[in-house]
Structures are given as structure tokens and as C-alpha cells.
There are 2 protein chains.
Amino acid sequence: MLSPEVAAPPLLHPERDELELPAVLHALSDPVRLRILADLASGEERSCKSFDLPVVKSTCTHHFRVLREAGVIRQRLEGTTRLNSLRREDLDARFPGLVDAVLGAPAL
Amino acid sequence: MLSPEVAAPPLLHPERDELELPAVLHALSDPVRLRILADLASGEERSCKSFDLPVVKSTCTHHFRVLREAGVIRQRLEGTTRLNSLRREDLDARFPGLVDAVLGAPAL
DNA sequence: CAAAACGTTCGATGACCGTCGTACAATTAG
DNA sequence: CTAATTGTACGACGGTCATCGAACGTTTTG
């Protein structure tokens, strides 16, 4: 109806040098989000639905947004799905060893 | 007045194999607590008061407790002071590389 | 076009968090 | 003994968080 020129800036991703350690650690301090991290560690792009998480859809949306806004994952639109991937290069560049340490933790 | 035999179990410290990754990451997701970690990285034992933190005493108590209960630091009573030290061996044993990665992060 | 699939948005709820100030307890110093 | 030092305990406050359910939008499928 109005302003079609400012259509949609939907997916906010911080730049690599904007990644903040407290925000990243907070994003990873939730068991559901740790599981998402572990599932993305292979490097694959995966849709939200392909994760078998113990929460309802809208809560998933919340967790993926927290991870994206902290710069942990990247979200890309593909049709009706969001493809999620780990921003491993950016994380490794800014916080060397952090992702490896988290992924190597017991009982993940 | 009663039961002097169960006098005081004051300082709770989780065992090494009880350290939980979400709890540790949450403990480290606060800037004040990250600063405490960085200040303890030398291995010294330091009193709470020796930290120059931008919060009042009771808030310091809170932050040191969060770190202790997550297993990040050890607190020992010495007279009227609490001596704090990093549980680096336990952390390194259970989450190899994690402390190093956090301490190596930029803008700490 | 209609229905299904995939996610988002919004509002609500109950829990927790970081902060402070005051009061208190314990030890040490005068 | 008194006063100072060091830290805790408690209550309050505003903010954020994780969760859900219901409604909606967009894209694919029938």
C-alpha cells in the first residue's frame, strides 16, 4: 500500500568485526541453541524444520533469531524455508578456538 | 541455638565432572564477570575487594557467586576476606580450550 | 484456485537476572 | 572495647528471557 521501495530488510547479520563475546556466549548458554550449533557443525545448510527440537515453532524462531543476531549462524531465504548455516569462519577469525571448544564439550 | 554440628556449609563448589557447559557459558556471558575472569587468569588468588568493578558490593557478591556456582572460580575464606581463584585445571580438563579461547578474545 | 507447508509476528505468562540500598555478621586494627 | 574492614543476606526494582498459542504471510503443491 505504501513505500514499496523500502520493502524488507528482514535478516540482520552483524559483521564479523562486530561480533561481541558476551552476546555469543549468551547465545550459546541455552541447551536448545547448543543443540542447533552441534547440528550445524558439519557445515551443512539446514532448514529450521530439519532440527528435532523439543519446543514449538515460534520458540524455534526465537532461538534461531538469537543465534543469528549474535552472529553465530547465517540465515538465508530459500522459497518458504530458512536455510541456516554456522558462521564458522567468522567465529574462528574473531574468537579462535571457541567453537571447537564448545563443540568438544561433553554431553552435548 | 540448635545443631551446632551442622554449622555452616557456606561455599558451594560443583565437582569437576559436574560442570555444565550452559551454566559456564552463562556465567561468562556478562561483561563484569568476564573482567573477573581476565583478572584471575594470572593464577593469583585475589580478594573480591582488589577488583575494581563498576558495581556496588552486593552486586559483586552476586557475580562472584554466579561464577562459583558455575564452577568457574573457587572461593576460600581467609579471615574477613574471600580469596578467589580460577579453577583453570578443572575447566581445562572438562572443556579443553574454552578458557583460552575466551581469554584470547578481542576487547576483553 | 484451494490446501498444505514453513516460518514469522504478536501477546501473554512466569521465571530469572543485574542492579541497588540497607542491614547484618565476622574478623582485624586501634 | 570500639571502630574499621570485608563481605553476605534480604528485599525491591525494572528488564530480559524462554515458552506457548493463535493468527497471519508466503511459497509450493494439489
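Note on naming: letters A, B, ... go to the chains in the order of the sequence lines (proteins, then strands), and numbering restarts at 1 for each one.
- Among the nucleotides D:dC10, C:dT19, C:dT9, the one closest to any side-chain atom of A:R65 is C:dT9.
- Contacts of residues 42-56 of chain A with DNA chain C (heavy atom under 4.0 Å): A:S47, A:C48, A:K49.
- Within the structure, ring pair (Phe, Tyr, Trp, His ring centres under 6.0 Å) pairs that include any residue of residues 54-76 of chain B comprise B:F51-B:F64 (at least two apart or interchain).
- Distance, A:L25 CG to C:dC17 P: 16 Å, rounded to whole Å.
- You'll find that the side chain of A:K57 is closest to C:dG7, out of C:dG7, C:dT19, C:dT9.
- Residue B:L83 contributes atom CG, which lies 12 Å from atom P of D:dT8 at whole-angstrom precision.
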Under 3.5 Å, sequence neighbours excluded: what are the donor-acceptor pairs made by side chains of residues 34-43 of chain B?
residue: B:R35; atom: NH2; partner: B:D52; partner atom: O; Å: 2.3
residue: B:S42; atom: OG; partner: B:E44; partner atom: N; Å: 3.4
residue: B:S42; atom: OG; partner: B:E44; partner atom: OE1; Å: 3.3

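- Between B:P14 and B:L19, the shortest heavy-atom distance links the atoms CG-CD2, 3.8 Å.
- Residue A:T61 is in base contact, counting any heavy-atom pair closer than 4.0 Å across all strands shown.
- Distance, B:H62 NE2 to C:dG18 P: 4 Å, rounded to whole Å.
- Nucleotide D:dT6 holds its P atom 16 Å from the CD atom of B:Q75, rounded to whole Å.
- Side-chain N/O atoms of A:T59 include one lying less than 4.0 angstrom from OP1 or OP2 on D:dC20.
- A donor-acceptor contact shorter than 3.5 Å links the side chain of B:R68 to the backbone of B:L12.
- In this model, the phosphate group of C:dC6 is not approached by any side-chain N or O of A:R82 to a distance below 4.0 Å at OP1 or OP2.
- Of the candidate nucleotides D:dT19, D:dA22, C:dG18, C:dG18 has the atom nearest to the side chain of B:H63.
- Contact annotation: side chain of B:T80 to base of D:dG7, donor-acceptor pair absent below 3.5 Å.
- Side-chain atoms of A:R82 never come within 3.5 Å of backbone atoms of A:Q75 as a donor-acceptor pair (strictly under, hydrogens ignored).
- The CZ atom of A:R76 sits 13 Å away from the P atom of C:dG7 (whole-angstrom rounding).
- Remark: P of D:dT27 and CG of A:L77 are 9 Å apart, rounded to the nearest angstrom.
- A:E45 contributes atom CD, which lies 11.5 Å from atom CG of A:L86 (distance to the nearest 0.5 angstrom).
- Checking B:S58 against B:V66, the closest nucleotide of DNA chain C that is more toward the 5' end is the one next to B:V66.
- A 4.5 Å side-chain heavy-atom check between A:L25 and A:L98 finds at least one atom pair inside the cut-off.
- Separating the CG atom of A:L67 from the P atom of D:dA18 is a distance of 10 Å, rounded to the nearest angstrom.
- The CD atom of B:E78 sits 8 Å away from the P atom of C:dT28 (whole-angstrom rounding).
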